[in-house]
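Side chains are part of it too, since the values below use all heavy atoms of this structure and drop only hydrogens, waters and symmetry mates.
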Amino acid sequence: QLQASGGGLVQAGGSLRLSCAASGRTFSSSAMGWFRQAPGKERDFVAAINWSGGSTIYADSVKGRFTISRDNAKNTVYLQMNSLKPEDTAVYYCAAQRQSGVIGTYSYASRAARYDSWGQGTQVTVSS
């Protein structure tokens, strides 16, 4: 199971750090991702990280502002979000590829169908 937390209301230009705590024995061997869904829109890829934390991929819209990281000792993946914009407002979901620790190319990592375990989502609202 995945439990996301850390969302909230923040002004434009501010920062938030999302956390996703995982239970079970497969976390340290799983690739992890963050996705987001704004009202009335499809779920979009945000970032992904491989099993060791040595490889990351970002959507162009967040590159340079967001950082994905993980602590396998704590079974937790993080999303540090800086320089937030109103268009970042969405429900953020963490997800796991329990059968793979590799994120591969952007095309591979960004496909929601690659992820077989999802958290419940945490709301991020950025005011202008």
Side-chain angles (χ1 to χ4, degrees):
Q1 289 186 339
L2 301 175
Q3 183 75 31
S5 62
L9 174 64
V10 63
Q11 289 188 334
S15 299
L16 282 175
R17 188 176 82 155
L18 305 184
S19 298
C20 176
S23 60
R25 300 181 179 180
T26 61
F27 176 82
S28 61
S29 62
S30 300
M32 300 294 295
W34 285 97
F35 289 75
R36 66 186 182 185
Q37 188 167 20
K41 295 188 177 181
E42 295 184 351
R43 189 171 297 189
D44 290 332
F45 171 75
V46 175
I49 189 167
N50 76 331
W51 68 274
S52 68
S55 181
T56 57
I57 289 177
Y58 296 92
D60 285 344
S61 59
V62 307
K63 201 173 294 183
R65 300 188 297 122
F66 291 11
T67 303
I68 187 171
S69 62
R70 66 190 296 159
D71 186 338
N72 286 344
K74 295 182 178 180
N75 274 18
T76 302
V77 63
Y78 304 97
L79 186 68
Q80 177 67 43
M81 305 186 295
N82 299 329
S83 303
L84 283 161
K85 305 175 181 180
E87 51 264 43
D88 294 319
T89 295
V91 177
Y92 283 70
Y93 298 89
C94 61
Q97 294 186 39
R98 292 178 296 179
Q99 303 303 316
S100 175
V102 177
I103 56 175
T105 64
Y106 180 90
S107 177
Y108 184 96
S110 62
R111 288 187 60 187
R114 299 285 185 187
Y115 299 82
D116 55 4
S117 181
W118 292 80
Q120 86 289 1
T122 185
Q123 176 71 47
V124 172
T125 303
V126 184
S127 62
S128 57

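- Looking at T89, its side chain does come within 3.5 Å of a backbone N or O of V126 through a donor-acceptor pair.
- V10 and L18 fall within the same hydrophobic cluster, where Ile, Leu, Val, Met, Phe, Trp and Tyr residues are linked whenever their side-chain heavy atoms come under 4.5 Å apart, directly or through other members.
- Here the closest heavy-atom approach between residue A47 and residue Y58 is recorded as CB-CD2, 3.6 Å.
- To the nearest 0.5 Å, atoms SG (C20) and CZ (R70) are separated by 10.0 Å.
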Query raised in the report: Going through the distances and angles, do F66 and L84 end up as a side chain to side chain contact (heavy atoms under 4.5 Å, CB included)?
Result: CA-CA 9 Å; F66 291 11; L84 283 161; 3.8 Å; yes
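- S19 places no side-chain N or O within 3.5 Å of a backbone atom of S5 that could act as its donor or acceptor partner.
- Interatomic distance, OG of S128 versus NZ of K85, reported as 14.0 Å (0.5 Å rounding).
- Follow the hydrophobic side-chain contacts under 4.5 Å out from L16 and you reach V77 in the same cluster.
- When all heavy atoms of T122 and A4 are compared, the pair lying nearest together is CG2-CB, 4.2 Å.
- Between the side chain of N72 and the backbone N or O of W51, at least one donor-acceptor pair lies under 3.5 Å.
- No option in I103, N50, I68 other than I103 meets the side-chain contact (heavy atoms from CB on, under 4.5 Å) test with I57.
- Annotation for N75 and G24: closest pair ND2-O, 3.4 Å, computed over non-hydrogen atoms.
- For the side chain to side chain donor-acceptor pair (under 3.5 Å) test with Y92, the passing option among R36, Q37, Q123 is R36; the others fail.
- Other residues, nucleotides and ligands contribute more than 12 heavy atoms inside 6.0 Å of the CD atom of E87.
- Residue pairs meeting the ring pair (Phe, Tyr, Trp, His ring centres under 6.0 Å) criterion with at least one partner in residues 23-46, sequence neighbours excluded, are F35-F45, F35-Y115, F35-W118, F45-Y106.
- Summarising the geometry of Y108 relative to V102, their closest heavy-atom pair is CE2-O, 3.8 Å, with the distance given to 0.1 Å.
- Atoms SG and CD, from C94 and Q120 in turn, are 7.0 Å apart once rounded to the nearest 0.5 Å.
- A pairwise comparison of heavy atoms in V62 and V46 identifies CG2-O, 3.6 Å as the closest pair.
- When all heavy atoms of M32 and L2 are compared, the closest pair comes out as CE-CD2, 4.1 Å.
- Residues D60 and K63 are paired through a salt bridge, judged by an N-O separation under 4.0 Å between the basic side chain and the carboxylate.
- Of the residues listed (Q80, M81, R65), the one engaging S15 in a side-chain contact (heavy atoms from CB on, under 4.5 Å) is Q80, and it is the only one.
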